[in-house]
Each structure stands twice: as C-alpha cells, then as structure tokens.
Amino acid sequence: MLAIATVLFMVPSAPVPPADRTQKHRRPLGQRIALISLSVVVAFVVPMVVATTISGPVAAFATLMGVIAGFSGSMRSGWSRTIRVIPFMGVLGATAAFAGYGWGWVMVMGAVGLVAGCGYPYGYLAALVYAGFVPTMVHSATSGRNAILIGCFAIAGGIIGVTFAHRLGAARVTPAPPRRPGGVVLPAIVGLCLLGGGAAIAIATSLPHGYWIPLTLIAIVPPLTMGDTGRGRQRLTGTVGALLIVIPVSLIPLPIWTFYVLGFLLFIPAFAVYRRSYGYYAFFESAAVVMLVSAGHNVLETGEARAAAAAIAIALLVVTVAVVTWILKRLPEARVPAPLIDA
C-alpha cells in the first residue's frame, strides 16, 4: 500500500495552480482526463484489488472508505491536519470490525461525533468527521487479528487518499474558525447526538443498510457546520440526483463486475469537476459509492434504503439544530461559533 501511495505521488498533478491557469499553462483536456484516470486506477482500483486478494471484500471496503476519508478530509481541513488523523481511522476500523454491527458500533460512531466536535475549534472537524467513513462500512471481523488487519487497511487507504488530494492541489491547512469560550462543548454534544443518534436509530429500527444514516450525516455535516450551507445544499441535491439515476440500473440485468467498473469510472468525472462544481462532484461521487456498495445486491433495494436513510438523517439534523438553537436563545451570553447556528 505504501508503494501505491509512492507511485500516486509520482503521478503528475492533474490541476494547474490558480496563478498559472492561463491558456499557455492549461493542460489539454485529454491529458487532464488521462492523468485523473491514472490516479483513480492507482488510488482506488489497485488498493481494493490488493485488499480483496489479501483479506476479502470487508478489507476492500475499509480501504475504499479510508481513501475517501483521506481525500475528503484533506480537501476540507487540509492534508497536514488529515494525515495526523489517519491513525484514528485505523483505530475506528479495527474497533468497529471487532464490535460488529450492533450497539458496540453505535458507541464507535458516537465517539467519532464526540471527538470531531472537540476538534471543531482547531480546524480538525472535517478530517475527524470524515474519518467516520471507515467504521460505517465495516462489519464483524472473524477474529481479533482480522480486525487489526482491517484497521491497517483503513490506514493505508487514508494515506493514499491524502496523497491523492495533495496531488490534486489540496491546501496544507485551511483556516480554523475563531476560538470562543464554550466552542468545544457544544460541538462535541451535537456530534455525539448526530452520529451516535443516527447509528442508534439504524440499529433500533433494523433498517436495511441502516449504516447509510450516519454515512449521510458524515457527508453533509462538515459543509453545514463550517458555514458553507451552499455546499451542504449541493451535497444533498447531488446525492438525490445520483439516486434517481442509479436506481433505474436495477432494471437492467448486469453482471456483478459491471457495477465495479461503472463505480470506478464514475470517480473520474467526480474528481475532474471537484473544483469547478461541488454539486456535480457530489452527484458522481455518490453514484460511484452506491454502485460499488450495490455490487451483488439489488440496486433498487439499496437505493430505496439510501433514500430512507437520507430522509432520517436530514430529519435528525433539523431537529438537533432546532433544539440547539432553542437552548442557545435561552442561555445568557451563550457563545458558540456562528456557523453551527447558521446551519
């Protein structure tokens, strides 16, 4: 896996720095697509094939979620902060695999929200929240050794994701919100209620593919809580649009390998348009993840479960924000970072 990250780092970066984006320095479209395609193959296809060969599909999905967590965290919090969070991804992956999909998993997801909230005033919220991608898709390991192995694959995926984001021009660090008194406690409580509560609803209701509830929250919370409500809306619109396109695929009898091919191909336009349109990125990225998760399953069933989970996640988010706002209005001189209220 480290060799894969090294090869990926050696691949020429696809985008051109903003100061050099002139007609003279702009790469041809075909060259940009070729570079991004090569990066996607090295960052996604090869690691998943290696993980599947060594430890099966569970390790492959841990690797995939590690790559996505490392990439997304680097783009939002900066690659320097995200690389410090990578060991946390490994701990989450191993712990969730050892605990299994049950109330132990709920505690893991609650811990993710709690720690991410504590990291909010220091600019680590996105990196820590996106680390929660890893335990959402990990299920029971057959032994403690396999659980540790899954954690190692998640760490390897995180390193690859950070390297990929760095090659695409991610900032070293992004500006942290202003530090204010009380700026740690409230985000920690909100994170605990959202991710822990969403996971608890999934287990209590036995909803098929219930892990999509915290997965949806992880996807939409960082843009909202960081004051970027526009990106939050684009994320929701892109996800819904992807479901509307992907669900009809279930009507076509396709072999399992087709879902994997389509899933990886959809990552190419996703990263090609990331800096130009976050809505289109969310659309292609959501469609790619649904395709990969749906391989070997009924896509219609998976899509319906994703839609139901998204509705529950949004409802939980609205209720949580409403309650927090109601409490803040009744506390004298309550101080909390403004973006949390604006969300």
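Computed from a predicted model, the values in this text were never measured in an experiment.
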Working to the nearest 0.5 Å, report the span between CD1 of Ile314 and OG1 of Thr216. 7.5 Å

Any side-chain heavy atom of Phe98 within less than 4.5 Å of one from Thr95? no

Listed partners of Val261 passing side-chain contact (heavy atoms from CB on, under 4.5 Å), at least two apart: Trp257, Leu265

State yes or no: do Tyr101 and Leu64 share one hydrophobic cluster built from I, L, V, M, F, W and Y residues joined by side-chain heavy-atom distances below 4.5 Å, directly or via other members? yes

Indicate yes or no: at least one non-hydrogen side-chain atom of Met109 is less than 4.5 angstrom from one of Leu217. no

If I compare all heavy atoms of Gly210 with all of Ala202, which pair ends up nearest, and what's the gap? O-CB, 3.3 Å

Rounded to the nearest 0.5 Å, how far apart are OG1 of Thr63 and CD1 of Ile54? 8.5 Å

Of all the heavy-atom pairs spanning Val129 and Ala116, show the shortest one and how long it is. CG2-CB, 3.4 Å

Look up atom CG in Leu114 and atom CG in Leu194, then write down how far apart they are to the nearest 0.5 Å. 12.0 Å

Parallel, tilted or perpendicular for Phe133 and Tyr130, by the 30°/60° rule? parallel

Report yes if some heavy atom in the side chain of Phe267 is under 4.5 Å from a heavy atom in the side chain of Phe284; otherwise report no. no

Side-chain heavy atoms under 4.5 angstrom apart, residues restricted to Ile, Leu, Val, Met, Phe, Trp, Tyr: same cluster for Val49 and Phe61? yes

With heavy-atom distances below 4.5 Å as the criterion, would you say the side chains of Val41 and Phe264 are in contact? no

Between Ala126 and Ser77, what is the shortest heavy-atom contact and its length? CB-OG, 3.3 Å

Which atom of Leu128 lies closest to which atom of Val112, heavy atoms considered: O-CG1, 3.8 Å

Verify, without hydrogens or angle tests, whether Trp105 (side chain) and Pro135 (backbone) share a donor-acceptor contact under 3.5 angstrom. yes

From CG (Leu195) to CG (Leu316), nearest 0.5 Å: 9.0 Å

Following the transitive rule for hydrophobic clusters with a side-chain heavy-atom cut-off under 4.5 Å over Ile, Leu, Val, Met, Phe, Trp and Tyr, establish whether Met107 and Ile201 coincide in one cluster. no

In terms of ring plane angle, is the pair Phe164 and Phe71 parallel, tilted or perpendicular, where the classes change at 30° and 60°? tilted

Closest non-hydrogen contact found for Ile150 with Gly93 is CG2-O, 4.0 Å

Same cluster or not: are Leu215 and Leu192 linked, directly or through other Ile, Leu, Val, Met, Phe, Trp or Tyr residues, by side-chain heavy atoms under 4.5 angstrom apart? no

Flag the pair Tyr280 / Phe283 as yes when their ring centroid distance falls below 6.0 Å, and as no otherwise. no

Do Val91 and Val134 land in one hydrophobic cluster if side-chain heavy atoms of ILVMFWY residues count as linked below 4.5 Å? no

Please tabulate, for the side chains in residues 82-89, all donor-acceptor contacts under 3.5 angstrom to protein atoms that are two or more places apart in sequence or on a different chain.
| unit_1 | atom_1 | unit_2 | atom_2 | d |
| --- | --- | --- | --- | --- |
| Thr82 | OG1 | Gly73 | O | 3.0 |
| Thr82 | OG1 | Ser74 | N | 3.1 |
| Thr82 | OG1 | Gly78 | O | 2.9 |
| Arg84 | NH1 | Tyr124 | OH | 2.8 |

What one should report as the nearest heavy-atom pair of Pro121 and Gly117 is CD-O, 3.8 Å

